[in-house]
Number of protein chains: 2
Amino acid sequence: MPKVVDHEQRRARLVEAVWALAIQSGLEGVTLRRVAAEAGVSMGQVQHYYPSMRELVRDALDRAVRALNAKIEASIGAVGAASPEVVLRECLHAVIALDDESVRLTRFALAVLGRTMSDPAMTPVLAPGDDELLAFTAGLITAARSERGSPLRGGERMDADISWSVATSLGVDIAIGHRSAEAARSLLDHHIERLLGPRRGEETG
Amino acid sequence: MPKVVDHEQRRARLVEAVWALAIQSGLEGVTLRRVAAEAGVSMGQVQHYYPSMRELVRDALDRAVRALNAKIEASIGAVGAASPEVVLRECLHAVIALDDESVRLTRFALAVLGRTMSDPAMTPVLAPGDDELLAFTAGLITAARSERGSPLRGGERMDADISWSVATSLGVDIAIGHRSAEAARSLLDHHIERLLGPRRGEETG
DNA sequence: CCTAATACAATGCAAACGCATTGCATCCTT
DNA sequence: AAGGATGCAATGCGTTTGCATTGTATTAGG
């Protein structure tokens, strides 16, 4: 019965505005009026789609995290069937191979993290790797090691956990400008090399 | 000529109030009036010691970072002269051995990080390990490895960089409640073990 | 065509904000 | 004792905030 519009598109536009504002002037710079202005719509429209500021930011964070995950999963899926080592490398590198959009999203997520801590309802969305992901990664490490002929020592699960920590930490460093992408990449390569150990027959000293 | 008071104590009290407010309700919850109330003083006093909100938060961040570093350096200094491996372990563990106060400070620093990105004047205070620290740590790693009789492969500088990333990343995880202290500790131990390699004569597989 | 529901747009409002100003009490200096 | 600098308390101001309310245009169903 009403005017028919694309709700999804409206929300996406508003959230986009929130991202832009938060990145350029901090989360404190995100107000209903400014979001409306940035999106080029009226304040009434913002209120129509989000009952409160809180909900707006919440959805913006939610969409940012989803978008980031989607990008990572896409680049992982792109490698297709390959050796465990290649897949592992792609997984970890995907986290730090941030295009401009990903940097924006990461920065936004980081900006929200501060507020997040005092708002338990928002926390879960930023939780670290789940059990499933760690188990999968541990499997990759095990396979890659045995493929290299490198000795297994157990603790691959911990190795996986640490590797994700390293990758995300480097990703954050890139996003906030504390590291260049190349520096992060070579660090991650170094980590993976140490992680998988020497190839069969390779000298170690 | 004026009333004589302990300026340092006043500022410390105000900054303490900022920390408390920021942790419990986010940085947005830090206002001049609330800081005054939390510190149990008048708003006039807050203004007297800090010309603007910005300066207040800036000093609060500065003091938080200093306090954190002081704690870490203290626990490192406590080990005195010891083997490189012991010193190295202490250095890295110091970052994740957070007492309640350190957790508060870390959380605060994290809360400010969001705003920081849009305020370049504040950024440097949160910069990662400097060259000096990395060189020192790389030296420890080299020494610890040779003490173990573990082969050197070069790249100790990168190993040092990665190790600090792991430690700080774990520290952050603890502070925001994504990991327990024990879990972080065993992960860090695992990392160090892999980092230093097998002891002479030890089986690897 | 009529009606009701929807999608806004416009405006209003109380609260809260940072900061400026003012006034007074205190204490050292002379 | 006088005087001036300082430490603060109190209050006021103009702006901005999130949100509520109200009004209006649009369109599907009857």
Side-chain angles (χ1 to χ4, degrees), chain A residues 1-62 111-112 114-116 118-119 121-122, chain B residues 1-22 24-61 111-112 114-116 118-119 121-122:
Chain A
M1 309 98 169
K3 180 157 54 171
V4 57
V5 296
D6 185 343
H7 294 65
E8 175 55 27
Q9 179 214 42
R10 309 277 183 186
R11 284 183 211 268
R13 166 123 78 143
L14 293 176
V15 163
E16 187 78 37
V18 170
W19 292 344
L21 288 173
I23 289 164
Q24 83 177 215
S25 46
L27 244 189
E28 56 174 353
V30 179
T31 70
L32 293 184
R33 284 163 237 267
R34 287 208 232 194
V35 168
E38 175 79 21
V41 302
S42 77
M43 230 187 89
Q45 186 170 141
V46 181
Q47 288 188 262
H48 182 69
Y49 285 98
Y50 296 98
S52 73
M53 190 69 215
R54 221 179 172 69
E55 290 298 315
L56 214 199
V57 174
R58 189 169 180 25
D59 192 43
L61 175 61
D62 201 55
V112 178
R115 205 188 294 231
T116 291
S118 58
D119 183 359
M122 230 178 223
Chain B
M1 310 95 170
K3 179 154 57 171
V4 56
V5 295
D6 186 344
H7 295 64
E8 176 55 28
Q9 179 214 39
R10 309 277 185 187
R11 283 184 212 269
R13 167 124 76 145
L14 293 176
V15 164
E16 188 77 37
V18 170
W19 291 344
L21 287 174
Q24 81 176 220
S25 47
L27 244 190
E28 57 173 353
V30 179
T31 69
L32 293 184
R33 283 164 238 266
R34 285 206 221 182
V35 168
E38 175 78 22
V41 302
S42 77
M43 233 187 87
Q45 185 171 143
V46 181
Q47 292 193 84
H48 182 70
Y49 285 98
Y50 295 97
S52 73
M53 190 69 214
R54 223 180 170 71
E55 291 298 316
L56 213 199
V57 174
R58 188 167 179 29
D59 192 43
L61 175 60
V112 178
R115 203 188 294 231
T116 291
S118 58
D119 183 0
M122 231 178 222

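On a predicted model such as this, the values are computed, not experimentally measured, just so you know. Below, chains carry the letters A, B, ... as their sequence lines are ordered, and counting in each starts from 1. Both backbone and side-chain heavy atoms feed into the values below; hydrogens, waters and symmetry mates do not.
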Separation of D:dC8 C1' from B:Leu32 CG (nearest whole Å): 15 Å
For B:Met53 and C:dC19, give me the distance from atom CE to atom C1', rounded to whole Å. 12 Å
By nearest-heavy-atom nucleotide on DNA chain C, the more 5' of A:Gly44 and B:Arg33 is A:Gly44
If you define the side chain from C-beta out and look only at heavy atoms, does anything of B:Val41 sit under 4.5 Å from B:Leu14? yes
Output the distance between atom CD (B:Gln47) and atom CD (B:Glu55), rounded to the nearest 0.5 Å. 13.5 Å
Roughly how many Å is it from CG in B:Leu27 to P in C:dC17, rounded to a whole number? 14 Å
Provide, to the nearest angstrom, the distance between the CD atom belonging to A:Gln9 and the C1' atom belonging to C:dA7. 14 Å
If you find the nucleotide of DNA chain D closest to A:Gln47 and the one closest to A:Thr31, which residue's nucleotide is nearer the 5' end? A:Thr31
Under-3.5 Å donor-acceptor pair between A:Gln45 side chain and C:dA7 base: no
Base, sugar-phosphate, or nothing for B:Val46, non-hydrogen atoms under 4.0 angstrom? nothing
When rounded to the nearest 0.5 Å, the distance separating CE of B:Met53 from CD of A:Glu28 is 9.5 Å
d(NE2, B:His48; C1', D:dC8) in whole Å: 7 Å
Which of these nucleotides, D:dA9, D:dC8, D:dC19, is closest to any side-chain atom of A:Ser52? D:dC19
Using whole Å, report how far NE2 of B:His7 lies from P of D:dA5. 16 Å
Rounded distance in Å - CZ (A:Arg34) to P (D:dT16): 9 Å
Which of these, A:Leu61, A:Val112, A:Leu56, sits in a side chain to side chain contact (heavy atoms under 4.5 Å, CB included) with A:Val18? A:Leu56
Take the protein atom CD of B:Glu8 and the nucleotide atom C1' of D:dG7, then report the distance between them rounded to whole Å. 17 Å
